[in-house]
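The block underneath contains the structure these notes are about, expressed in structure tokens.
Just so we're on the same page: letters track the sequence lines, and every chain starts at 1.
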Amino acid sequence: MNILIMVIFVVLAAFTLAAGVMVVTVKNIIHAALWLIASFFSVAAMYLLMEAEFIAIVQVLVYVGAISILVLFAIMLTRHVTGEGVRQLYKRWWIALIVAAALFGVLIVPTVFNYEWAVQPSGAQISIASTVEIGTAFMREYLLPFEVASVLLLVALIGAIVIAFEERSTRRRVLTLAEEVEQRRQRNESLRLAPTTHASETSE
Amino acid sequence: MNMVDAVPLPWVLAVAAGLFCIGLFGALSRRNTVGILLGVELMLNAVNLNLIAFWRYLEPNVVAGQVFALFIITVAAAEAAVGLAMIIAIYRTRLTVNADEVDSLKG
Amino acid sequence: MTVEFDRGKAYVVDRGQPKLRAGQGMIAGLDVVIRHFFSAFTKKLETPDETSGVFTVQYPEERLAMPEAFRNFPILLFDDTTGQELCTSCFQCERICPPQVIHMTQAVDPTTGKPVPAVAEFMIEYDACMSCGLCAEVCPFDAIKMDHDFELATDDRAGMTVRKADLDRPVSYYETIAPTRWAEVKDGAYKKLQGNIKRRSGSIGLSPRAATAPKKAAPAAAKPAAGVAKPVAVKTAMPMAAPGKNMSEEKLARLLSIRAANVAKAGGAAPAEAEEVLATADTDDVAEAPAAVAAARPVSSGGIPFSADNLLGGVPANTTMAEDKVERLKSIRSGNLARRG
Amino acid sequence: MLQFLENIFGPSWIVSLIAFLISTTVILIVTPVTFMMMTWFERRIVARMQDRLGPNRVGPAGLLQAVADGVKMFTKENITPRAADKWVHLIAPLVATGPVIFLFAVIPWGYGLSPVDINVSVLFVIAVSSISAVGLMMGGWGSNNKFALLGAMRAVAQMVSYEIPAVIALLSMVLFTGTMNLNKYTELQGGLPILGNTLKDVIPDLGLGWFVFTPIGLVGFMIFFICILSEGERTPFDIPEADSEIVAGYMTEYSGMKFAVFYMGQFLFNYALSMVASIIFLGGWNFPGIPQLISIAPPIGALASAVVLGAKAWFLFFVMIWLRGAFPRLRMDQLMAFAWKFLLPLALINILSAALWLTIMLWCTGDCTQNPWVFTVGGINPLGWLGNSPVLRQLVGFVLTAIINAGAFFWLLNVNRRPAGETPADLARDQAFGTASLP
């Protein structure tokens, strides 16, 4: 059983990291978003492996069901970015690579491998915090953060609407046929008039 | 028959660190603001993975780890909403989403 | 109520203050639908003015009665009792046919070499026929009528060129599919037929279907006869224009006299084959014809009505069929051309 | 299954692997067969509603029509447009359909017939059903077709919009029952209508305490069922594939098996959500006689419970077909206005009434002084007169929540009525000259 879990974990980890690499390197931004979804999924599977089923399901619900859809919509609303020919990285992207690699080294070598974690002894019967306890915690000791988070969400909701909202008056209205004909008529009239006035001005 | 026995904690932490660094690279090197946002989301995921790993391996009977993960998911959702709204607003006025082309405050 | 605006006007139906809608309309719609659902299990739609009940007709097993005026492809009629075809080969149908799929040869009196008001060969290309029914409309002798049989699907394209032997149907058949329409024209048609029969001699104008249906040999024999008759028809077609719509007494008398003269002139001109045809035709029992035709009907409604061996001339295979058709068409068309001048 | 195999072979991870493989196989066989039955059922039923007979040639009563269609789908050419994004185009049907089959893993098919019993299955259903939207988006975008993209945008906007009322309707039931485990919903819905299990000792378990008989459950069921219709793109809400406007929506460029997989996902989604609605609102496998049967002979009871639950789900599917036979398609703005202006407030008010019901049921039952969350008004417990009788509390709660929910329903209808200033003449001008401001 342990070997099975280990194999599952290694596969999931490899897939997560590969998907992450695809997210940052792939040219087409839509593909990047889809790879991000894949990465979210495998992270959710890792949560399930760690018996945090509530978090796993919330991860799927929020990240896959909401955020990635939002991202896809945003990409499709800003249409010019999906072009394949456009350069996707900065010219000095290698600096970012060095920074990221250095950070990885800093994180890995001293902290991860040279530290003894006080992991619970295996085989011990330990109670895992359940969903009910999370709910109780939100209503008791984490009530203030919970309320702050809800206010944050409300603020984000209103802020997103305010930022992205386009006044209806400024939006280009779809014209009816009658209006289009009228506009064309007016444009033609102005075109017909314009050269004559211009000519009269120059003659004077 | 659980993950604690099968996989050592440093492995999970290494995966989280790798994911974080990949996200960082993406956020730093992408020109596209949506791409930057995707990198930030990867970083937040890595943080969440760390939190859940610490919760499960060190203190599974305390809810704090899961609660903080939930808060981070909330913040990520808010960040994505506001960030994408800003991207759309910028696109509407400047017809670009590339971060290096939106530099009118540079002087 | 008309409302005028600066750019035009609109017609408005004033429905008054909208009432509070809490789903009554939706429930009414659902009620209608579920009523139809249940009635479809118990009722069958019988008359068109009913509004509920299954109206599906499960076609191969159940069939709707065709309206009398339904038209698919044209057929030729012949009299049940005498076996005489109503057609006089007046060429009206051939002229009016929009896709030009009707071809015919006028029969020639073998003794005199003069054309008689009967048809020697009649051919309709069903594959190009557009079912307009103009031939039936224009026919002054009510000899060509539109059939109701529409199940003609086949993979044998050459078989869709149909000759007289397969076009012929007894009048009794047409009477069953369109009784009132036939009743309207019956008297006139028979009257004209009686006039025409007088000018026909021997087996001329006798339907091959009526005369030879019990035997297979006769059509085979009729083929060379038709082949021999053709050149004669080409030669003599010019003076003999198609008879007019109304055959007056004087005209009839004149025709009769001409025919009598022809008979008198008749010598050894008649080919030997034609004699044979005459002999076989005479020996056949004409009274058997309706029964034979009735027996032939199930075959024709069975899917492939005009099989190769059913054709006049008994051409065996499909491959030779096409060549045969081309040859015949060529000869008939050249005949027609020559006739027109 | 797991228990059974462990009894034979002893606990081992291979045994659990085999057990899960078997239940997976069963699901993967049962769901396509269900899909085939559903297509046949829909075609036959909607045919009768339109005074026709429907497919009745292939097999007895046309039952094998779905097989014939499957053969046709398999043998059709698999077309990928040249300009399409090949991999996205290929994977999209799987992403749209996979989660739907995933749903069946947590839905109990009957008494003790739950493939996986997890504690948060209601949340799981909500979360996993939202994944399909990604598949639709991929299909629409990967086809590189305007109609497909429009259809996908419509589909996703619709799914996201209707997910919110659906989640809130389910949330009111979670609040009402205090559990997110689908297996526990059935036990809670035994007994009598409205009163539920409270009189279990007096009257035998009739299995009729369905939540749909309570005001909260009724409103929740209405909202949830409408949201199922919308998320499964059933007829009044089939805007994403409105064939008269945008060919077939996101399925425009799909043919053969890929199309069939999309189609299967849609139908199975309908079926899965019908099952969830049956379990949560229509009493699961509760029916007069079933609780007794389960206690007497568990295997037969389990079978009967599966039949009852299936019958309820199929009945809901029948109602969907019925609606399809009756109603035309909504307009996009009507759809969105209905979700955001009517269903969402109604669902929120429903949560409030669920909370009120819960308060009435739990307020100061037992020992008041031990409960730190109970407060008094002027030294008097405001709900003290109810005493400890659950029956009385339930009846009071029923009346109060019925008043609140009915009031909210009619108030929202009234609010959403056409404004008084908007005369027919105004509307006519708007429609004629395009100055219509869409709501």
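- Of the listed residues A/Pro145, A/Gly159, A/Ala13, the one with more heavy-atom pairs under 4.5 angstrom with chain B than any other is A/Pro145.
- Atom CZ of residue B/Arg30 and atom CZ of residue B/Phe25 lie 9.0 Å apart, to the nearest 0.5 angstrom.
- When the candidates B/Gly26, B/Cys21, B/Ala53 are compared by the number of heavy-atom contacts under 4.5 Å with chain A, B/Cys21 comes out ahead.
- Among B/Val15, B/Val67, B/Leu19, the residue with the largest count of heavy-atom pairs under 4.5 Å with chain A is B/Val67.
- The greatest number of non-hydrogen atom pairs below 4.5 Å with chain A, out of B/Gly39, B/Ala76, B/Gly83, is found for B/Ala76.
- Counting heavy atoms from C-beta on, the side chains of B/Leu37 and B/Leu84 come closer than 4.5 Å.
- Interface remark: of the candidates B/Val62, B/Leu38, B/Thr74, B/Val82, B/Leu38 forms the most heavy-atom pairs closer than 4.5 Å to chain A.
- Scanning all heavy atoms of the two residues, the minimum distance from B/Leu24 to A/Ala100 falls at CD2-CA, 4.2 Å.
- Interface remark: A/Val10 contributes side-chain atoms only to the contact with chain B (heavy atom separation under 4.5 Å).
- In this structure, no portion of B/Ala27 lies under 4.5 Å from any heavy atom of chain A.
- For chain A, the nearby part of B/Phe71 is the side chain; its heavy atoms alone come within less than 4.5 Å.
- For the pair A/Tyr63 and B/Leu44, the minimum side-chain heavy-atom distance is below 4.5 Å.
- The two residues A/Ala33 and A/Val71 have their closest heavy-atom pair at CB-CG1, 4.0 Å.
- With a threshold of 4.5 angstrom between heavy atoms, B/Ala46 does not approach chain A through any atom at all.
- Neither the backbone nor the side chain of A/Phe73 comes within less than 4.5 Å of any heavy atom in chain B.
- Summarising the geometry of B/Ile52 relative to A/Ala52, their closest heavy-atom pair is CG2-CB, 4.0 Å, with the distance given to 0.1 Å.
- For A/Thr16, the parts lying near chain B are the backbone and the side chain together; criterion is any non-hydrogen pair under 4.5 Å.
- Heavy atoms of B/Ala16 lying under 4.5 Å from chain A are absent altogether.
- Counting heavy atoms from C-beta on, the side chains of B/Leu70 and B/Gln66 never come closer than 4.5 Å.
- Proximity to chain B (any heavy atom under 4.5 Å) is shown, for A/Leu70, by both the backbone and the side chain.
- Both the backbone and the side chain of B/Val75 come within less than 4.5 Å of a heavy atom in chain A.
- Interface remark: A/Val62 contributes side-chain atoms only to the contact with chain B (heavy atom separation under 4.5 Å).
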Margin query: side-chain contact (heavy atoms from CB on, under 4.5 Å), that's the test. Do B/Leu49 and A/Tyr47 meet it? Break it down for me.
Written below: CA-CA 8 Å; B/Leu49 195 58; A/Tyr47 291 162; 3.7 Å; yes
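- Chain A forms more heavy-atom pairs under 4.5 Å with one residue of B/Asn45, B/Val63, B/Ile88, B/Ile73 than with any other, namely B/Asn45.
- With contacts defined as side-chain heavy-atom distances shorter than 4.5 Å, the pair A/Phe104/B/Ile22 does not qualify.
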Notebook entry, point to check: Would B/Asn50 and B/Phe20 count as a side-chain contact (heavy atoms from CB on, under 4.5 Å) if you check the C-alpha gap in whole Å, the side-chain angles of each, and the deciding distance to 0.1 Å?
Noted result: CA-CA 10 Å; B/Asn50 246 1; B/Phe20 188 88; over 6 Å; no
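- For A/Ala66, no part lies under 4.5 angstrom from a heavy atom of chain B.
- The two atoms that bring A/Thr136 and A/Val132 nearest to each other are OG1-O, 2.7 Å, heavy atoms only.
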